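Ligands are counted one by one from 1 in listed order, and the atoms in each one are counted from 1 as well. All values derive from a computational prediction rather than experimental measurement.
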Amino acid sequence: MAFRYLWSPLPIGPVTVRNRIVFSAHLTNYARDGRPTEQHAAYYAARAAGGAGLIITEEHSTHPTDWPYEKLIHGFHRDVIPGYRLITDAVHRHRTPVFAQINHNGGQASSMYTRRPVWAPSPVADPLFREVPKAVDEAEIAEIVAGYALVAEHCAEGGFDGIELQCSHSSIVRGFLSPATNRRTDSYGGSIENRARLLIEIMAAVRRVVGNRLALGVRICGDELIDGGTTIDDAIRVAELVEASAHADYINTSIGVATASLFMIEASMHIPPGYAMFIPSAIRKAVELPVVGVGRFKDPLQAERALAEGHCDLVGVVRGQIADADFVAKARAGATDEIRLCLSCNQECVGRMGLNRWLGCIENPRTGRESQGVGLRRTAAGARKRVMVVGAGPAGLQAAIAAARNGHEVTVCERDDQAGGQVRLAASVPNRAELGDLVRNQLAECRRLGVRIEYAVGVWPGLVAERRPDAVVVATGSEPARPWWAPAEAEHVIDVRDVLVHGGPGPGDSVVVIDELGFHQATSVAELLADRGCAVEVITNGMVVGQDLGITLDMEGWWMRATAKGIAQSTDLVPMGLDGRALQLLHHPTGRNEVRTPDWVVLAVPSQPVEWLYQELKAAGWSVDRIGDCLAPRRAHAAVIEGERVGAAL
Ligand SMILES: Cc1cc2nc3c(=O)[nH]c(=O)nc-3n(C[C@H](O)[C@H](O)[C@H](O)COP(=O)(O)O)c2cc1C
Ligand code: SF4
C-alpha cells in the first residue's frame, strides 16, 4: 500500500491524530492588537480541510515582558479567548486537532514595544537584538512559570486540544537550557538538570492547569549551531528529563536558534531536504514519547521514508503546506504529482515575516487570503470567454490558471520554445534549480485545467486580429537595459541573462559582476562563473552584496560559498564610466576613485518592460490587460499575484 506509515493514526496523550503530517508552528503576522483573527482561522482551517493530521499554531506570548515583534499573540490577556475559539472551531469543523504553541522569547527580543528590559537567565546580549537582558531572579522565574500556566488555561478555555512549549529557537526556556546564554550559578544554572529546571517547572504548572484533558508537548533544539550552545547530546538528555517528568505527551524538534543560526531553521533550497533528521532520529532512540521530525520535507515520499526508516513518529511539513494547503489530501488521493511543491525560496513566507508583513507564498496567491476567497472558483460565472495570454512566464501562466479555473477557454502563446521566462533562467544555475518548481507546478496546473500552450509563437497585433479572442492578457516580461555608463558598443559588457543563455565568460577570464538588484541575480551568476573557472568580483553600490538575501535567509550560505569559491565582494562602489576596458568606480563614502579592467562586466541591474504589444493592442481598442514585468519589472511573487488577480477577474 502506498504511504503505509503516513496514514496510520497515532495517539498523542488524549488526542489521536489521523495521519502523521503536522503543520508545525510558525509565525504568520495575522494577529491584530495581540489577538488572533479570522485570517488565522481561515488559514489553519484550509490546512485542516486539506488533510493535515495535526495543526500547531504560532506562538502565544506568556508574559507582558515578552513582545519582540508587533503582531505577536498576547496569550496572557483573556481577550484572546474569542480569537482562540475562532481558530479551534474552524479547525475542528474538519475533525482535526489543533494545539497552541506558547512561549516567552526571553532575551531574544527587544524592549522596543514593552519599554521594559527583556528577561533572560543571564545578562548575555542576543546577537541580533543586541540588548543586554535583565537576569531574572527567583520571584521573576515564578512569574514566568505562572504566565505559562495562565496562558495554558486560556488555551483550554479557547478550545485547543493541546499545548506545545517552544523551547527551541527563540525562548527563555531555550535560554536557560543553553550553556551559551545561561551563566547562572544558582539552582537554574550549571548542570543540564539545573538548566532544565525551568522547563520542568513550567511543564508541571501547565499540567496542573490542563490535567489530562489536553496534550502537552515540548519543542527542543537538537543543535543550536552556535559556539558553546546546545548540541545533540544535551538535546537527548533534555528529552530524557522531559520524559521522566511524566508531564509530556510528545517531543517536537528543531535545529538552530532564531537569531544567530536562523538560516538553518527555515533552510532555503541550498540545504538538502531532511537536513535535520539526525535530531529526531537520535532523540527517538532515547525516549518512548512520539517524536516529530522537521526540516524541508518537500513531498510525501520523503515524509513516508523518514517514518519507515524510524527517524521519527510524525513529520512536520510547514512550508510544504503553506505552499499547498491540500498537500495531505492530494497525497492521500494518490495525486502526489499534483502537489504544488514548496520551493524553499523563503521569499513570501519567512521574507515577509522579517518585514513585519503577513505571511504569504510566492506561488500560492491564496495563502493568507483564505478568508477573502482569493483563488476560489467564481460562483457567478459569466459567459465562457476565449482568452489569449501572451507569454508563459509566471505571470502569464498564473493568469491562464485563474482564467481557466473560471471556466474560460485559454490559450497561452509563448515566443520561446519553453515556458518559465526569467524563472527558468534563474533556475538554470545548479544550486537554484528548485526555483524551477514554480513553473513546473504552474504547467502541471495548466495541464489539469486544459490550458493550451503554443510555443515558438511570437504575437503581434495582426495575430490577435486573426484569432479574435474575447480578452487578451499581455505578460511579455522585461528585457535587459544598459545603464548610462555602459555604451552598446562595449561588447564585453553583458547582462546576467546573456550569461545564462549564451554563456559569455570562459575559464580563466576575469569578471566584474555589478549588483544593483541586491538579490540572487548577481550572486547566482557570480557562483556560476566562479565554478566555470573565472576570477570573479561582485561590486555593489550598496553596503553589502546581495542585500535582500538576508531576508530570505540566503546570506550566510552565500558568504560561505563565495568565500570557498574565492569570489571577491566590494561595496559602496558606483560605476562612473567605461574607458575602453577600464571600469571607473567611485567609492562614494570617501570620494576615492578606483579602476578595474576585467575581461567582462556582467550587469545585474534594473531591466525595462516589454510593453509595445500592450500599447498597440490598447490603441487598437482590444480588451487587454498587462501583468508582471511588462507592467513593471519586479520579483516573481508580483508576477504570480498579478496573474491571479487579472485572470480571476475575467
Ligand atoms: C515563516 C516561518 C515562521 C516560523 N516561526 C516559528 C515559530 O514561531 N515557532 C516554531 O517553533 N517554529 C517556527 N518556524 C519553524 C517551523 O516550525 C519549521 O521548523 C521550519 O519551517 C522547517 O520546516 P519546513 O521545512 O517544513 O518549513 C517557522 C517557520 C517559518 C517558515
Ligand atoms: S514562499 Fe517559497 S519557501 Fe515560502 S512556502 Fe512559498 S514556495 Fe515555500
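- Under 4.0 Å from ligand 1, the heavy atoms of V294 that appear belong solely to its side chain.
- Minimum heavy-atom separation, F23 to V318: CE1-O, 3.4 Å.
- Of all the heavy atoms of R319, the ones lying under 4.0 Å from any atom of ligand 1 are found in both the backbone and the side chain.
- Nearest heavy-atom pair, V210 versus A156, reported as atom, atom and distance to 0.1 Å: CG1-CB, 4.4 Å.
- Contact of the V257 side chain with the Q108 side chain is registered, since non-hydrogen atoms from C-beta on lie closer than 4.5 Å.
- Atom numbering of ligand 1 starts at 1 in the shown order; those under 4.0 Å from a heavy atom of H169 are 10 (C), 11 (O), 12 (N), 13 (C), 15 (C).
- If you look at atom 8 (Fe) of ligand 2, the protein N, O or S atoms less than 2.8 Å from it are C342 SG.
- Contacts between N346 and ligand 1 below 4.0 angstrom, taking non-hydrogen atoms only, are absent altogether.
- In the vicinity of M353, heavy-atom distances shorter than 4.0 Å reach the ligand 1 atoms 1 (C).
- Remark: aromatic rings of Y43 and H26 are close, center separation under 6.0 Å.
- Within the structure, the closest approach of G320 to ligand 1 does not fall below 4.0 Å when heavy atoms are considered.
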Evaluate salt bridge (Lys or Arg N to Asp or Glu O under 4.0 Å) for R207 paired with D249, printing each intermediate quantity in order.
CA-CA 11 Å; R207 204 35 115 189; D249 297 309; 2.8 Å; yes
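- Ligand-side atoms of ligand 1 in range of I265: 15 (C), 20 (C), 22 (C), range being under 4.0 angstrom from any heavy atom.
- Between A402 and G647, the shortest heavy-atom distance links the atoms CB-C, 3.6 Å.
- Residue A25 holds the heavy atom nearest to atom 16 (C) of ligand 1 of all those in G274, P273, S24, A25.
- Residue Q398 is tested with E445, R645, E642, Q442 for a side chain to side chain contact (heavy atoms under 4.5 Å, CB included); the sole match is Q442.
- Within the listing of ligand 1, atoms 26 (O) sit less than 4.0 angstrom from a heavy atom of V317.
- At least one N or O atom of V318 sits closer than 3.5 Å to an N or O atom of ligand 1.
- In summary, the atoms of ligand 1 found under 4.0 Å from a heavy atom of Q166, numbered by their order in the structure, are 9 (N), 11 (O).
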Before you tell me yes or no, could you show the steps for R340 and E363 under salt bridge (Lys or Arg N to Asp or Glu O under 4.0 Å), namely the whole-Å CA-CA distance, both residues' side-chain angles and the distance that decides it to 0.1 Å?
CA-CA 8 Å; R340 187 188 300 113; E363 52 177 354; 5.3 Å; no
After noting the C-alpha distance and the side-chain angles of I551 and V350, does the key distance pass the side chain to side chain contact (heavy atoms under 4.5 Å, CB included) rule?
CA-CA 7 Å; I551 56 172; V350 176; over 6 Å; no
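- Close N/O approach between L27 and ligand 1 is found [any backbone or side-chain N/O within under 3.5 Å].
- At a heavy-atom distance under 4.0 Å, atoms from both the backbone and the side chain of H26 approach ligand 1.
- Atom CD of residue E348 and atom CZ of residue R635 lie 10.5 Å apart, to the nearest 0.5 angstrom.
- Not one N or O on the side chain of S111 forms a donor-acceptor pair closer than 3.5 Å with the backbone of V118.
- Taking every heavy atom of V350 and a limit of under 4.0 angstrom, the matching atoms of ligand 1 come to 1 (C), 31 (C).
- The residue from R219, E266, R296 that puts a heavy atom closest to atom 25 (O) of ligand 1 is R296.
- At least one N or O atom of Q101 sits closer than 3.5 Å to an N or O atom of ligand 1.
- Of all the heavy atoms of E58, none lies under 4.0 Å from any atom of ligand 1, so neither backbone nor side chain is involved.
- The ring-ring contact (aromatic ring centres under 6.0 Å, His included) with H60 is formed by just one residue from the set Y84, Y148, F76, F99; it is Y84.
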What do the steps show when you test R296 against E434 for salt bridge (Lys or Arg N to Asp or Glu O under 4.0 Å), and what is the final call?
CA-CA 12 Å; R296 227 155 96 65; E434 281 180 53; 2.8 Å; yes
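- Using bins of under 30°, 30° to 60° and over 60° for the plane-to-plane angle, the ring pair H74/W67 lands in the perpendicular bin.
- Against a heavy-atom cut-off of under 4.0 Å, L359 is close to the following atoms of ligand 1: 1 (C).
- Residue contact check: G295 has heavy atoms under 4.0 Å from atoms 23 (O), 25 (O) of ligand 1.
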Please walk me through it: do R440 and D437 pass salt bridge (Lys or Arg N to Asp or Glu O under 4.0 Å)?
CA-CA 5 Å; R440 274 190 288 280; D437 283 339; 2.8 Å; yes
